[in-house]
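Following: one structure in structure tokens, then a few remarks.
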Amino acid sequence: MSADSEHWADYYAVTVERPAWRTVRLAIDKFRREDEAAVGPDARDANPPARRFAVDLGCGAGRDTRELLRAGWRVLAVDREPAARTTLETAVEADLRAHLQIRIQDLATVRVPRCDLVNASLCLPFLAPAAFHPTWERIIAAIGPGARFAAMLFGDHDESASDPEMTCLPPDRVRTELAGFEVEHWSVEEDDRPTALGEPHHFHLVEFVARRLG
Ligand SMILES: C[S@@+](CC[C@H](N)C(=O)[O-])C[C@H]1O[C@@H](n2cnc3c(N)ncnc32)[C@H](O)[C@@H]1O
């Protein structure tokens, strides 16, 4: 499933108005509950908490980035494709743009700043193993105690697992890599269905939301 720029531009056109993935929605909700518990729901209007900060890796057309912005977050959105920037800049609501920074850079080299949430939906598997593992380490290093990692990965039964330029880990290995986190949401699904662009594909999707322990 390795893809070129034209493929991704088509993908963005199809997905730009799609809703955010449940992983990012779950993560947003967990932080909202924590913030409300800290100040009380009635105190929010009088003394709103500082904006939380998320890094959305492989943001694509920005379905998750926009959900975060609408929920009151500040977002650094990262993708290798210049079309991600143009799509996202056009799609994001004007009053939210001030809270969005877009960086066009390869995930294999990007510095991941300390943040409340690293979100990575369907992007890390597109790194070859030699780049995947150091990138994973940089992500983990950016997530301090109480911060979260939300991700959607391809498992080792995914059709893409035969592509040496991609990394599709067995679910058990993903769990092992999350040592030091409380896994708050975990789902593994395997089925045959079309991709967003209508191509048949055998999916093995591993998704999680995990909170870094202190
Ligand atoms: C399947 S799309 C997912 C986009 C978005 N997260 C979503 O869920 O709609 C994968 C995205 O990862 C980006 N991507 C893949 N490999 C990348 C890399 N090495 N560096 C940066 N972005 C990459 C692609 O450009 C694409 O936008």
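Basis for what follows: all heavy atoms, side chains included, without hydrogens, waters or symmetry-related copies. Indexing begins at 1, ligand by ligand and atom by atom, following the structure's order. Since the model is a prediction, treat every value here as computed from it, not as a measurement.
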Inset, instruction - Specify side chain, backbone, both or neither for Ala196, according to which of its non-hydrogen atoms lie closer than 4.0 Å to ligand 1. - result: neither

Legend entry - Nearest non-hydrogen protein atom, atom 12 (O) of ligand 1: Cys123 CB, 3.5 Å

Inset, instruction - Heavy-atom contacts with Arg63 under 4.0 Å: which atoms of ligand 1 show up? List them by number with element. - result: 7 (C), 8 (O), 9 (O)

Inset, instruction - Of the side chain and backbone of Leu127, name the one, both, or neither that has a heavy atom under 4.0 Å from an atom of ligand 1. - result: side chain

Inset, instruction - For Ala77 and Leu100, work out which heavy atoms get closest and say how close. - result: CB-CD1, 4.0 Å

Inset, instruction - Please determine if Glu184 and Arg33 form a salt bridge, counting it only when a charged side-chain N lies under 4.0 Å from a carboxylate O. - result: no

Inset, instruction - Could you tell me the residue and atom name of the protein heavy atom closest to atom 19 (N) of ligand 1, and the distance to it rounded to 0.1 Å? - result: Asp106 OD1, 2.9 Å

Inset, instruction - Decide, yes or no, whether a salt bridge links Glu207 with Arg22 under the criterion of side-chain N to carboxylate O below 4.0 Å. - result: yes

Inset, instruction - May I ask whether Cys59 places a heavy atom under 4.0 Å from ligand 1? - result: yes

Legend entry - Distance filter under 4.0 Å to Tyr12 heavy atoms, resulting ligand 1 atoms: 24 (C), 25 (O), 26 (C), 27 (O)

Inset, instruction - Can you sort out which atoms of ligand 1 are near Ser121, meaning under 4.0 Å from one of its heavy atoms? - result: 3 (C), 5 (C), 6 (N), 8 (O)

Inset, instruction - Any chance you could lay out the side-chain contact (heavy atoms from CB on, under 4.5 Å) test for Ile139 and Leu57, step after step, and finish with the verdict? - result: CA-CA 10 Å; Ile139 291 170; Leu57 298 175; 3.6 Å; yes

Inset, instruction - Considering only NZ, NE, NH1 and NH2 on the basic side and carboxylate oxygens on the acidic side, decide whether Glu34 and Lys30 come within less than 4.0 Å. - result: no

Inset, instruction - Compare every heavy atom of Pro125 with every heavy atom of Leu153, then report the nearest pair and how far apart it is. - result: CA-CG, 3.9 Å

Legend entry - Structural part of Leu107 in contact with ligand 1, heavy atom criterion under 4.0 angstrom: both

Legend entry - atom 4 (C) of ligand 1 [closest protein heavy-atom partner, distance rounded to 0.1 Å]: Gly58 O, 3.3 Å

Inset, instruction - Around atom 25 (O) of ligand 1, find the nearest protein heavy atom and jot down its residue, atom name and distance. - result: Asp79 OD1, 2.6 Å

Legend entry - Numbered atoms and elements of ligand 1 in range of Phe126, under 4.0 angstrom, heavy atoms: 15 (C), 16 (N)

Inset, instruction - Quick one: look up the protein heavy atom nearest atom 10 (C) of ligand 1 and list residue, atom name and how far away it is. - result: Leu122 O, 3.2 Å

Inset, instruction - Out of Arg80, Met152, Arg103, Gln105, indicate the one that has the non-hydrogen atom closest to atom 23 (C) of ligand 1. - result: Arg80

Inset, instruction - Could you check atom 2 (S) of ligand 1 against the protein and tell me its nearest heavy-atom contact, residue, atom and distance included? - result: Trp8 CZ3, 3.4 Å

Legend entry - Numbered atoms of ligand 1 (with element) below 4.0 Å of Glu81, judged on heavy atoms: 25 (O)

Inset, instruction - Could you check atom 8 (O) of ligand 1 against the protein and tell me its nearest heavy-atom contact, residue, atom and distance included? - result: Trp21 NE1, 2.8 Å

Inset, instruction - Salt-bridge test for Asp35 and Arg32: reply yes if a basic N is under 4.0 Å from a carboxylate O, no otherwise. - result: no

Inset, instruction - Tell me whether the centres of the aromatic rings in Phe149 and Phe208 are closer together than 6.0 Å. - result: yes

Legend entry - Member of His157, Glu190, Glu159, Arg193 meeting the side chain to side chain donor-acceptor pair (under 3.5 Å) criterion with His202: Glu190

Inset, instruction - Would you confirm whether Arg211, through its side chain, and Glu182, through its main-chain N or O, come within 3.5 Å as a donor-acceptor pair? - result: no

Legend entry - Glu93 atom CD, over 12 foreign heavy atoms within 6.0 Å: yes

